[in-house]
Asker: 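Below is one structure. I have some questions about it.
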Amino acid sequence: MTRTALAVSGAATAWVHARLALPSRTARVVHGGRDAVYVDDGGVCLGLLSRDAVAVPCGVRTILDELPEATGDAIIGDGRFVLDGIEVAVTRLFDAHVPVVESLPRIEVVSDELPSQALALLAQGDPRAVLLLLGRGSGLTPVGDDVLCGWLAGRRALGATVEPIASEVRRLAPTRTTLLSTTLLECASRGEVIPQLREVLSHRCSLDPLLAVGHTSGLGLALGLSLAA
């Protein structure tokens with residue numbers, strides 16, 4: 001007897017919505033937790049998120065208190081994200097793009113996990129920084145990757161070029177860091193980021209909510225933003 005999937009509404013960016021509109025296919029689960037499940041969609045990381053998860057721009061947000069344990073592959077496509085008895089359809093779009101700003105907020109943060117040489121090179125827009133930062137640090141999104149994301153997002157907000165840093169990230173990231181980081185770096189290069197970073201750029205909140213994201217992710221994003229100035 002086939003179990004009927006629980007139908008749930010979700011919210012996503014236009015980019016995620018477009019990927020889910022493609023024909024149905026299997027996507028391997030690469031990380032599972034109560035707040036977020038991430039899958040490999042042909043080399044791109046897509047996430048299914050609970051209400052309390054960090055609202056990454058490559059994820060589908062839901063109002064679920066927690067997600068089911070991922071016991072097998074997900075099915076995505078034809079407008080759906082199906083995982084262990086839950087079928088999520090995107091019924092609302094949200095904008096994750098950074099606002100256009102004339103200047104970046106003054107931020108003073110430091111990280112003892114990263115080489116000062118790499119940070120100095122990134123502040124100069126030197127692509128040699130990418131090799132020194134990619135994949136450095138622990139977690140699904142190493143702090144070096146978060147710094148690069150913050151830099152890319154800050155430059156997008158200023159309307160400034162992200163090259164040649166973005167090209168070097170695209171070249172190296174698939175073999176030097178996690179699938180989630182690789183996807184988030186690509187999102188940042190388009191100017192798509194988490195809400196906490198958008199709020200800082202809009203000068204609508206203090207730095208504290210951003211710094212509270214993850215173990216070092218928020219700090220890395222803030223540090224990258226400061227270097228983008």
Asker: I'd like to know if the side chain of Thr177 and the backbone of Ala173 have a donor-acceptor N/O pair within less than 3.5 Å.
Answerer: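 No, the answer is negative, given that no donor and acceptor are paired below the 3.5 Å cut-off.
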
Asker: Enter the distance from Glu186:CD to Ser181:OG here, rounded to the nearest 0.5 Å.
Answerer: 13.0 Å

Asker: Going hydrophobic residue to hydrophobic residue with side-chain gaps under 4.5 angstrom, can you get from Leu179 over to Val44?
Answerer: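 No, because Leu179 and Val44 fall into different hydrophobic clusters, even though each may have its own neighbours under 4.5 Å.
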
Asker: Quick one: does Ser24's side chain get under 4.5 Å of Arg80's, heavy atoms only?
Answerer: yes

Asker: If we ignore hydrogens and angles and just use 3.5 Å, is the side chain of Asp84 paired with the main-chain N or O of Thr71 as donor and acceptor?
Answerer: yes

Asker: Distance from Leu104 atom CG to Arg155 atom CZ, nearest 0.5 Å?
Answerer: 8.5 Å

Asker: How long is the span from the CZ atom in Arg92 to the OG atom in Ser9, to the nearest 0.5 Å?
Answerer: 10.0 Å

Asker: Is Glu163 salt-bridged to Arg170, cutoff N-O under 4.0 Å?
Answerer: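 A salt bridge is present here (some side-chain N lies under 4.0 Å from a carboxylate O).
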
Asker: Indicate if Leu49 and Val82 have the same hydrophobic cluster label, given that clusters are the connected sets of ILVMFWY residues with side-chain heavy-atom separations under 4.5 angstrom.
Answerer: no

Asker: Under the 3.5 angstrom rule, does the side chain of Arg61 hit a backbone N or O of Gly59 as a donor-acceptor pair?
Answerer: no

Asker: Which atom names give the shortest non-hydrogen contact between Leu83 and Gly72, and what distance separates them?
Answerer: CD1-O, 4.4 Å

Asker: Taking atom CD of Glu69 as the centre, report whether more than 12 heavy atoms of other residues, nucleotides or ligands fall under 6.0 Å from it.
Answerer: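 Open: at most 12 neighbouring heavy atoms sit under 6.0 Å from CD of Glu69.
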
Asker: Main chain of Asp95, side chain of Thr13: is a donor-acceptor contact present, judged purely on distance under 3.5 Å?
Answerer: no

Asker: So which atom in Phe81 and which in Val60 form the shortest heavy-atom distance, rounded to 0.1 Å?
Answerer: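 Smallest interatomic distance, heavy atoms only, reads CD1-CG2, 4.4 Å.
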
Asker: Tell me whether the count of non-hydrogen atoms from other residues, nucleotides or ligands lying under 6.0 Å of NE2 in His215 goes above 12.
Answerer: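 No, because the 6.0 Å sphere around NE2 of His215 holds 12 heavy atoms or fewer from other groups.
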
Asker: Would a 4.5 Å heavy-atom cut-off, applied to side chains only, mark Leu223 and Val143 as touching?
Answerer: no

Asker: Taking all heavy atoms of Arg198 and all of Ala96, pick out the closest pair and write down the distance.
Answerer: CD-O, 3.5 Å

Asker: State the CD-CG distance between Gln196 and Leu211, to the nearest 0.5 angstrom.
Answerer: 10.5 Å

Asker: Let me see the working for Asp73 and Thr26 under side chain to side chain donor-acceptor pair (under 3.5 Å), right down to the final yes or no.
Answerer: CA-CA 7 Å; Asp73 294 333; Thr26 299; 5.5 Å; no

Asker: Would you say that Pro105 contacts Val200 through its side chain, given a criterion of any heavy-atom pair below 4.5 Å between the two side chains?
Answerer: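 Pro105 vs Val200: side chains touch.
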
Asker: Mind listing the side-chain donor-acceptor pairs of residues 119-134 below 3.5 Å, one per line with the distance, residues two or more places apart or on another chain?
Answerer:
residue: Asp126; atom: OD1; partner: Arg128; partner atom: N; Å: 2.9
residue: Asp126; atom: OD1; partner: Arg128; partner atom: NE; Å: 3.1
residue: Asp126; atom: OD2; partner: Arg128; partner atom: NE; Å: 3.1
residue: Asp126; atom: OD2; partner: Arg128; partner atom: NH2; Å: 2.7

Asker: With a 4.5 Å cut-off on side-chain heavy-atom distances among I, L, V, M, F, W and Y, is there a chain of contacts connecting Leu219 to Val147?
Answerer: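 Same cluster: Leu219 reaches Val147 through Ile, Leu, Val, Met, Phe, Trp or Tyr contacts under 4.5 Å.
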
Asker: Can you tell me how far apart CG (Leu140) and CG (Leu180) are? Round to the nearest 0.5 Å.
Answerer: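 Atom-to-atom, Leu140:CG and Leu180:CG are 5.5 Å apart.
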
Asker: Does any non-hydrogen side-chain atom of Cys187 lie less than 4.5 Å from one of Trp15?
Answerer: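 SC-SC contact between Trp15 and Cys187 confirmed.
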
Asker: Between Leu67 and Leu64, what is the shortest heavy-atom contact and its length?
Answerer: CD2-CD1, 3.8 Å

Asker: Under a 4.5 Å side-chain heavy-atom rule over Ile, Leu, Val, Met, Phe, Trp and Tyr, are Val29 and Val8 clustered together?
Answerer: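 Yes, same cluster.
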
Asker: Is there a side-chain contact between Ser189 and Val169, using heavy atoms and a 4.5 Å cut-off?
Answerer: no

Asker: Are Val56 and Leu185 co-members of a hydrophobic cluster defined by side-chain heavy atoms under 4.5 Å apart?
Answerer: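 Yes, it is one cluster - the side chains of Leu185 and Val56 are joined through contacts under 4.5 Å.
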
Asker: Side chain to side chain contact (heavy atoms under 4.5 Å, CB included), that's the test. Do Leu207 and Val109 meet it? Break it down for me.
Answerer: CA-CA 10 Å; Leu207 193 61; Val109 289; 4.3 Å; yes

Asker: What closest approach, in Å, do Pro57 and Glu192 show between heavy atoms, and which atom pair accounts for it?
Answerer: CG-O, 3.6 Å

Asker: Looking only at heavy atoms, which two atoms of Leu210 and Ala222 are closest? And how far apart?
Answerer: CD2-CB, 4.0 Å

Asker: Can you tell me how far the CG atom of Asp146 sits from the CG atom of Leu225, to the nearest 0.5 Å?
Answerer: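 The CG atom of Leu225 is 12.5 Å from CG of Asp146, to the nearest 0.5 Å.
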
Asker: Within the structure provided, determine whether Thr182 and Cys45 are in side-chain contact (heavy-atom separation under 4.5 Å).
Answerer: no

